[in-house]
Amino acid sequence: MSVKLGRRGQMHMLEVLMLATLFTSAVNVAVISLPAGDANQVGDETLQQQGMELLALLDSWTPTNVTVAQEYHNSTLAFWLASGNTTALQSYLDGGLPAAASYHLTGTHGGSTEILVDRGMPTGTVNIAFRLVWTDGELWELKLKTWYGSREAT
């Protein structure tokens with residue numbers, strides 16, 4: 001009789017272990033498969049970081065013309081701002097940001113703010129990247145607002 005009880009105990013223990021394994025596996029699959037609640041936040045932070053990097057890279061990008069490079073302290077961004085080359089700014093940002101991202105670039109200098117590039121109306125979370133640039137005796141405060149949404153042509 002004690003042999004039968006021992007086997008029943010072993011079988012019961014195996015059943016408990018099997019259920020625990022199945023439950024743990026189901027929880028692991030659910031955790032791996034379900035999106036995280038902050039998945040959009042990670043995408044927004046990436047978009048903000050890309051905006052900061054694009055402005056910094058353009059500011060440190062040396063113009064090919066030596067005279068222009070010297071005059072604008074080796075900054076293509078300063079040169080484009082001074083010359084009002086918003087078409088080049090738009091092309092640069094269009095190529096550097098994801099196609100699913102829209103943006104709005106403004107520049108404040110000399111007490112006034114102007115829209116440099118406008119590529120859509122903000123929807124959802126808006127990220128802001130800043131850059132200060134010295135050009136033609138003025139300090140420019142650039143503000144690049146980015147968000148995920150359709151990019152409108154200007």
Checklist entry - Taking Y72 for the side chain and A82 for the main chain, is one N or O donor matched with an acceptor at less than 3.5 Å? => result no
Next on the checklist: Set out, in order, the CA-CA distance, both residues' side-chain angles and the distance that settles side-chain contact (heavy atoms from CB on, under 4.5 Å) for I128 and K143, then state yes or no.
Outcome noted: CA-CA 7 Å; I128 301 175; K143 187 185 297 183; 3.5 Å; yes
Checklist entry - Counting distance only, does the side-chain N/O of W147 pair as donor-acceptor with the main-chain N or O of M121 below 3.5 Å? => result yes
Checklist outcome for this item: d(N65 CG, Q70 CD) to nearest 0.5 Å is 9.0 Å
Next on the checklist: Can you see whether Q49 engages E45 through a side-chain donor-acceptor pair at a distance of less than 3.5 angstrom?
Outcome noted: no
Item to check | Evaluation steps, side-chain contact (heavy atoms from CB on, under 4.5 Å), between L77 and R131 | outcome: CA-CA 10 Å; L77 180 55; R131 187 78 184 174; 4.3 Å; yes
Next on the checklist: According to salt bridge (Lys or Arg N to Asp or Glu O under 4.0 Å), does anything in residues 68-84 pair up with another residue at least two apart or in another chain? List the pairs.
Outcome noted: none
Next on the checklist: A side-chain contact here means heavy atoms from C-beta on lying under 4.5 Å apart; do W140 and L116 qualify?
Outcome noted: yes
Checklist entry - Is S102 reaching over with its side chain to a backbone N or O of S150, donor-acceptor style, under 3.5 angstrom? => result yes
Item to check | Any donor-acceptor pair under 3.5 Å from Q50 side chain to L97 backbone | outcome: no
Next on the checklist: Applying side-chain contact (heavy atoms from CB on, under 4.5 Å) to K145 and Y103, what does each step give before you reach the verdict?
Outcome noted: CA-CA 5 Å; K145 295 179 181 179; Y103 61 92; over 6 Å; no
Item to check | Qualifying residue, where the test is side-chain contact (heavy atoms from CB on, under 4.5 Å) with L142 and the options are L132, L58, D59, L81 | outcome: L81
Next on the checklist: Do L54 and Y148 land in one hydrophobic cluster if side-chain heavy atoms of ILVMFWY residues count as linked below 4.5 Å?
Outcome noted: yes
Next on the checklist: I'd like to know if the side chain of S75 and the backbone of A78 have a donor-acceptor N/O pair within less than 3.5 Å.
Outcome noted: yes
Next on the checklist: Strictly distance-based, threshold 3.5 Å: is any side-chain N or O of D136 a donor or acceptor partner for the main-chain N or O of E138?
Outcome noted: no
Checklist entry - If every non-hydrogen atom of P63 is compared with every non-hydrogen atom of A69, which pair is closest and at what distance? => result O-CB, 3.7 Å
Checklist entry - Does the side chain of F79 come within less than 4.5 Å of W61's, by heavy atoms? => result no
Checklist entry - Do any N or O atoms from the side chain of S60 and from the backbone of L57 form a donor-acceptor pair under 3.5 angstrom? => result yes
Item to check | L139 CG to E141 CD distance, which is reported to the nearest 0.5 Å | outcome: 8.0 Å
Checklist entry - Should L144 and L93 count as side-chain neighbours, where that means a heavy-atom distance under 4.5 Å? => result yes
Checklist entry - Could you state the interatomic distance from OG1 (T146) to NE2 (H104), rounded to the nearest 0.5 Å? => result 12.0 Å
Checklist entry - With sequence neighbours left out, which residue pairs that include part of residues 81-97 fulfil the salt bridge (Lys or Arg N to Asp or Glu O under 4.0 Å) condition? => result D94-R119, D94-R151
Checklist entry - What pair of heavy atoms forms the shortest contact from A101 to L47, and how long is it? => result CB-CD1, 3.7 Å
Checklist entry - For residues 81-100, which residue pairs qualify under ring pair (Phe, Tyr, Trp, His ring centres under 6.0 Å), counting only residues two or more places apart or in two chains? => result none
Checklist entry - Are V133 and V68 in one and the same hydrophobic cluster, where Ile, Leu, Val, Met, Phe, Trp and Tyr link if side-chain heavy atoms are under 4.5 Å apart? => result yes
